[in-house]
Amino acid sequence: MHYQFQFRPYQRRFVRSLTTSHGVWETREGIILKLTNDLGGVGWGEIAPISWFGSENQEEALSFCRQLPEAIADETIFSIPDELPACQFGFESAFWGLRAENWGLGDKGVSPTLSLNPKSLTYSALLPAGEDALEVWRTLWQGGYRTFKWKIGVYPVTEELRIFKRLAQTLPSLTKLRLDANGGLSYEEANLWLWTCDNLKTDSTLNLEIEFVEQPLSVDKFDSMLELSHCYHTPIALDESVATLHQLVACYQKGWREIFVIKPGIVGSPFRLRQFCLECEVDAVFSSVFETSIGRKPALQLAVELSRYNRAVGFGVNHFFAEEEEIWLENLW
Ligand SMILES: O=C(O)CCC(=O)C1=CC=C[C@@H](O)[C@@H]1C(=O)O
Ligand SMILES: [Mg+2]
């Protein structure tokens, strides 16, 4: 089968730049792609790279799109190299979207079940690093969020621990808080954070659950994180360490059995991701790459099907972008 292929690069400036231990992220760049079959059926996909997580970068994704012919075959979609995981996700999502919505299941076996209802999910909202978290959470709580993720490893650890204690005393009971260090802590700081989280449980005046500490150490410190996961009650989630399917499989094979943060937008083939999750039954938390609704829809379909233990998905829409998304997408095309 052949499809007419079109693509449009985009840039979207964050309303509030995202500060993590990786640095300050001002603008989300990506590519929207469209496949049209010879009966007029259309499939949309999105390529939303995060190169500092290990995916290709925008330029590499654009170069890949530019070298493709106007008409592409199934084989092209399913032979995109593993060095281009965001492209794998974008093209394959468009393929499944085309087949599942208009033309039945693909001839490549069962497509990811696109009919599942994302409304069955609960969502986690992102809190900004530092003191701002003490203000921002309230509006999000009023918006219905009960799980929050706060960026740490950005300011000095003593300052963040001070803010953390105030946050723990302020957040309503039954709130779940995730801490995401983006690999920015030292081994000593990681121990201090995990020890502090464990000891929070012993404070009967607080009824806050620290759901997990995400990527406390850098990707090259897997063995230390595996050791830490056996030393504290507070769970550890790997994110940057499992950013691509290859890394996900490698960490599982090296014995990781705690939480895996999965960003479908940069992990690679949704078909292969689905096979891995169904086979290995990993404890997955699905996470956004700040994509548009075009990338978010297939990502959430995977989350509905593959999430276990009812963990909230990291797709809380904190109004990261100014423009109204649907209008912006229509103007793009
Ligand atoms: O997972 C979430 O709760 C929201 C998404 C999120 O936190 C991230 C998305 C993309 C890049 C990162 O800065 C960040 C993360 O580290 O998980
Ligand atoms: Mg993370």
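Every heavy atom of this structure was used, including side-chain atoms; hydrogens, water molecules and symmetry mates were not. Remember, it's 1-based here, ligands and their atoms both numbered in the order they're listed.
Heavy-atom contacts of Ser288 reach the following atoms of ligand 1: 5 (C), 9 (C), 10 (C) (cutoff under 4.0 Å). Atoms of ligand 1 lying under 4.0 Å from any heavy atom of Leu18, numbered from 1 in the order shown and given with element: 13 (O). The Ile50 neighbourhood of ligand 1 comprises atoms 10 (C), 11 (C), with distances under 4.0 Å to a heavy atom of that residue.
Of the listed options Glu214, Lys149, Glu291, Lys149 places a heavy atom closest to atom 6 (C) of ligand 1. Among Ser21, Ser287, Ala312, the residue whose heavy atom lies nearest to atom 5 (C) of ligand 1 is Ser287. Counting heavy atoms only, Asn182 comes closest to atom 16 (O) of ligand 1 of the residues Asn182, Thr147, Leu126, Thr20.
Atom CD of Glu135 is surrounded by 12 or fewer heavy atoms from other residues, nucleotides or ligands within 6.0 Å. Counting non-hydrogen atoms of other residues, nucleotides and ligands closer than 6.0 Å to CD of Glu324 gives a total above 12. Enclosure of atom NE2 in His230 by more than 12 non-hydrogen atoms of other residues, nucleotides or ligands within 6.0 angstrom is indicated.
For the pair Ser124 and ligand 1, the shortest N or O to N or O distance does not fall below 3.5 Å. Residue contacts with ligand 1: Asp239 is placed with a nitrogen or oxygen under 3.5 Å of a nitrogen or oxygen of the ligand (distance criterion only). Among the atoms of Asp180, some N or O lies under 3.5 angstrom from an N or O of ligand 1. Geometrically, ligand 1 and Lys263 share a nitrogen or oxygen pair separated by less than 3.5 Å.
The six-membered or imidazole ring of Phe271 lies away from that of Phe78, with a centre-to-centre distance of 6.0 Å or more. Not less than 6.0 angstrom separates the ring centroid of Phe321 from the ring centroid of Trp328. Taking the centre of each ring, Trp137 and Trp150 stay at or above the 6.0 Å mark.
No side-chain donor-acceptor contact under 3.5 Å links Glu279 to the backbone of Phe276. A donor-acceptor contact shorter than 3.5 Å is absent between the side chain of Asn182 and the backbone of Gly184.
The atom of Glu214 that is an N, O or S and sits closest to the Mg ion (ligand 2) is OE2. Within Asp180, the N, O or S atom lying nearest to the Mg ion (ligand 2) carries the name OD2. Checked against the Mg ion (ligand 2), the N, O or S atom of Asp239 at the shortest distance is OD2.
Sequence neighbours left out, the pairs with a member in residues 261-273 that pass salt bridge (Lys or Arg N to Asp or Glu O under 4.0 Å) are Asp82-Arg272, Asp239-Lys263.
Using a 4.0 Å cutoff on heavy atoms, Arg178 does not count as a contact of ligand 1. Using a 4.0 Å heavy-atom cutoff, Phe53 is listed among the residues neighbouring ligand 1. Taking 4.0 Å as the cut-off, His22 does not count as a neighbour of ligand 1 on heavy-atom distance.
Among all protein heavy atoms, the one lying closest to atom 4 (C) of ligand 1 is Gly314 O, 3.3 Å. Of the protein's heavy atoms, Lys151 NZ, 3.2 Å lies nearest to atom 14 (C) of ligand 1.
At least one cation-pi condition fails for Arg178 and Phe148: the charged atom is not both under 6.0 angstrom from the six-membered ring centre and inside a 45 degree cone around its axis.
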- After noting the C-alpha distance and the side-chain angles of Trp195 and Tyr232, does the key distance pass the ring-ring contact (aromatic ring centres under 6.0 Å, His included) rule? CA-CA 7 Å; Trp195 181 85; Tyr232 296 94; 8.8 Å; no

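Under 4.0 Å from ligand 1, not a single heavy atom of Val285 appears.
Between Arg16 and Asp132 the shortest side-chain heavy-atom distance falls below 4.5 Å.
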